[in-house]
There are 2 protein chains.
Amino acid sequence: MLFTTATGYALRALAGLPEDGSFCLAKDLAARLDIPGPYLAKILQGLVQSDLLESVRGPKGGFRLTRPAHRITVGEVVAALEGPDSLDGCIMGFPTCGGDHPCPLHEAWGAVKAQVATSMTEATIRDLQLMDLRHLKEAKERSGGPRT
Amino acid sequence: MLFTTATGYALRALAGLPEDGSFCLAKDLAARLDIPGPYLAKILQGLVQSDLLESVRGPKGGFRLTRPAHRITVGEVVAALEGPDSLDGCIMGFPTCGGDHPCPLHEAWGAVKAQVATSMTEATIRDLQLMDLRHLKEAKERSGGPRT
DNA sequence: ATACAATAGGACAGATAAGTCCTAAATTAA
DNA sequence: TTAATTTAGGACTTATCTGTCCTATTGTAT
């Protein structure tokens, strides 16, 4: 996987939050998305620090997005979890790979990175919600026939 | 980086071996490529197991390629170090990502993987030799100063 | 006020990658 | 044969990621 599992959890969690802006409990999210509860809680706390989530403590508390889902990009989430330059660097780890001394995969990897970066800035949490809804329904309606 | 540092070390080491088929000491390679000596030795031993290198112990011993450099692909080395399926899986780690329920980056990442995989099977150790790996050491000495 | 519910945050444990160290085995040279 | 050299291999640190646990803090409800 190109990203860490924590980043994957964060993306799934953001997409799994209710779309109506109501607060959602960490443990409910964890149960629904099948993510280790305490670990997800930690990740959500980090997303609060990154200003992608806001939280309220106590009863009726929980987490919710600070912005509409369609205004949070996948790239933002990845940058929050893995730093803004996670895609930089030579694919093979060559320290001197660059314009003067490109590695044999430099060009291909550069084009590919640009493509991924573009996709990440275009894809939003809203796009992930659409996907999550589909497989959640399939999981629940396993007997009821698939819908595309 | 897409690959582990061990894989990067392995690629650099294979490319750094003498082209005339003579044996090369692990510590000489490590010094020339600025790679931690004992760690490189372990990696070279693994490459012997993978049949990409052959070794001889004792004075006048060392390591050399089992095949000409142009007949060892980057993909083979990556597969030896990270397994043959290192590029499989959803880029975001979504368990349900697939043909039926692709994640928003599924298509872009799939194209990217195919491109990288192709490049890896086309690029050989010979191509890495052409990079002139001496720049690794020189660049290090210019900026950080030599390290034992 | 009190009890309860939930996040905040730190300490801790396990797995894996990265890197070091020591000893055994093999090869060469005297 | 003996000594020196070099790989083989295992045990041992160190760092990071993953995951758990416990306590404090904050908020709601009674």
Side-chain angles (χ1 to χ4, degrees), chain A residues 1-14 17-18 22-31 33-66 78 80-83 86 92-93 95, chain B residues 1-13 17-18 22-66 78 80-83 86 92-93 95 147-148:
Chain A
M1 186 194 337
L2 185 59
F3 304 138
T4 65
T5 74
T7 300
Y9 288 166
L11 289 165
R12 282 156 66 180
L14 292 172
L17 289 171
S22 61
F23 286 93
C24 178
L25 301 187
K27 65 177 178 184
D28 291 348
L29 250 187
L33 302 179
D34 195 34
I35 295 174
Y39 193 36
L40 178 61
K42 272 229 154 0
I43 292 167
L44 295 179
Q45 288 166 23
L47 292 173
V48 171
Q49 302 289 346
S50 303
D51 217 46
L52 293 170
L53 289 182
E54 57 187 332
S55 63
V56 167
R57 293 198 256 202
K60 301 297 176 185
F63 297 88
R64 71 173 175 194
L65 301 177
T66 54
V78 172
L81 270 288
E82 311 192 0
S86 62
M92 295 192 287
Chain B
M1 188 195 331
L2 186 59
F3 304 137
T4 65
T5 74
T7 300
Y9 289 165
L11 289 166
R12 282 156 65 180
L17 289 171
S22 60
F23 285 93
C24 179
L25 300 187
K27 65 178 179 183
D28 291 347
L29 249 188
R32 185 148 45 85
L33 302 179
D34 197 35
I35 295 174
Y39 194 35
L40 178 62
K42 272 229 155 357
I43 293 167
L44 295 179
Q45 287 167 25
L47 293 173
V48 171
Q49 304 288 347
S50 304
D51 216 45
L52 293 169
L53 289 182
E54 57 187 332
S55 63
V56 166
R57 294 198 255 202
K60 301 295 177 187
F63 297 88
R64 72 174 173 193
L65 301 178
T66 54
V78 172
L81 272 286
E82 310 191 2
S86 63
M92 296 192 287
R147 194 179 305 169
T148 51

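None of the values given here were measured: they were computed from a predicted structure. Chain identifiers are assigned alphabetically (A, B, ...) following the order of the sequence lines, protein sequences preceding nucleic acid strands; residue numbering begins at 1 within each chain. Computation of the quantities below employed the complete heavy-atom set of this structure, encompassing side-chain atoms and omitting hydrogens, waters and symmetry-equivalent molecules.
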Query raised in the report: Between B:L47 (CG) and D:dT7 (C1'), how many Å, whole number?
Result: 14 Å
Report summary line: Closest heavy-atom pair, A:L33 versus A:A13, reported as atoms and distance to 0.1 Å, is CD1-CA, 3.6 Å
Requested in this report: Extract, from 5' to 3' on DNA chain C, the first and final nucleotides lying under 4.0 angstrom from some heavy atom of chain B.
Outcome: C:dA18 to C:dT28
Requested in this report: In whole angstrom, give the distance that lies between atom CG of A:L44 and atom P of D:dG19.
Outcome: 14 Å
**Report entry** B:L11 and B:L81, any side-chain heavy atoms less than 4.5 Å apart
**Finding:** no
Requested in this report: Could you list by number each residue of residues 55-66 of chain B showing a heavy-atom separation from DNA chain C of less than 4.0 Å, or answer none if no residue does?
Outcome: B:R57, B:G58, B:P59
Requested in this report: Measure the spacing between CD1 of B:I43 and CG of B:L53 and express it to the nearest 0.5 Å.
Outcome: 11.5 Å
Report task. Any side-chain hydrogen bond (donor to acceptor under 3.5 Å, both in side chains) involving residues 51-61 of chain A? Give me the pairs, sequence neighbours left out, ordered by first then second residue. Result -> A:E54-A:R64
Query - side-chain contact (heavy atoms from CB on, under 4.5 Å) between A:L40 and A:L29, intermediate numbers included - result: CA-CA 8 Å; A:L40 178 61; A:L29 250 187; 3.9 Å; yes
Requested in this report: Answer with base, sugar-phosphate or nothing: what part of the nucleic acid does B:A41 contact at a heavy-atom distance below 4.0 Å?
Outcome: nothing
Query raised in the report: Of all residues at least two apart in sequence or in a different chain, which pass the ring pair (Phe, Tyr, Trp, His ring centres under 6.0 Å) check with B:Y9?
Result: B:Y39
Query raised in the report: For the pair made of CD in B:Q49 and P in D:dT7, what is the distance, rounded to whole Å?
Result: 15 Å
**Report entry** Rounded distance (Å) that lies between atom P of D:dT6 and atom CZ of B:F23
**Finding:** 14 Å
Report summary line: B:G93 and A:R12 have their tightest heavy-atom pair at O-NH1, 4.0 Å
Requested in this report: Of all the heavy-atom pairs spanning A:F63 and A:Q45, show the shortest one and how long it is.
Outcome: CE2-N, 4.4 Å
**Report entry** For the student: nearest non-hydrogen atoms of A:A30 and A:G37, plus distance
**Finding:** CB-CA, 3.7 Å
Requested in this report: Determine the contact category for A:P36: base if any of its heavy atoms lies under 4.0 Å from a base atom, sugar-phosphate if only primed atoms, P, OP1 or OP2 are that close, otherwise nothing.
Outcome: sugar-phosphate
Query - Which residues share a side chain to side chain donor-acceptor pair (under 3.5 Å) with A:T4, sequence neighbours left out - result: A:T7, A:E82
Between the protein and nucleotides 16-18 of chain D, are there any N/O to N/O pairs under 3.5 Å, and if so, what are the atom names and distances?
unit_1: D:dT18; atom_1: OP1; unit_2: A:T5; atom_2: N; d: 2.9
unit_1: D:dT18; atom_1: OP1; unit_2: A:T5; atom_2: OG1; d: 2.9
unit_1: D:dT18; atom_1: OP2; unit_2: A:Y39; atom_2: OH; d: 3.2
unit_1: D:dT18; atom_1: O5'; unit_2: A:T5; atom_2: OG1; d: 3.4
unit_1: D:dT18; atom_1: O5'; unit_2: A:Y39; atom_2: OH; d: 3.3

Query raised in the report: From B:L17 CG over to B:L47 CG, what is the distance, rounded to the nearest 0.5 angstrom?
Result: 9.0 Å
Query raised in the report: Can you check the B:K42 NZ to D:dA11 P distance for me, whole Å?
Result: 11 Å
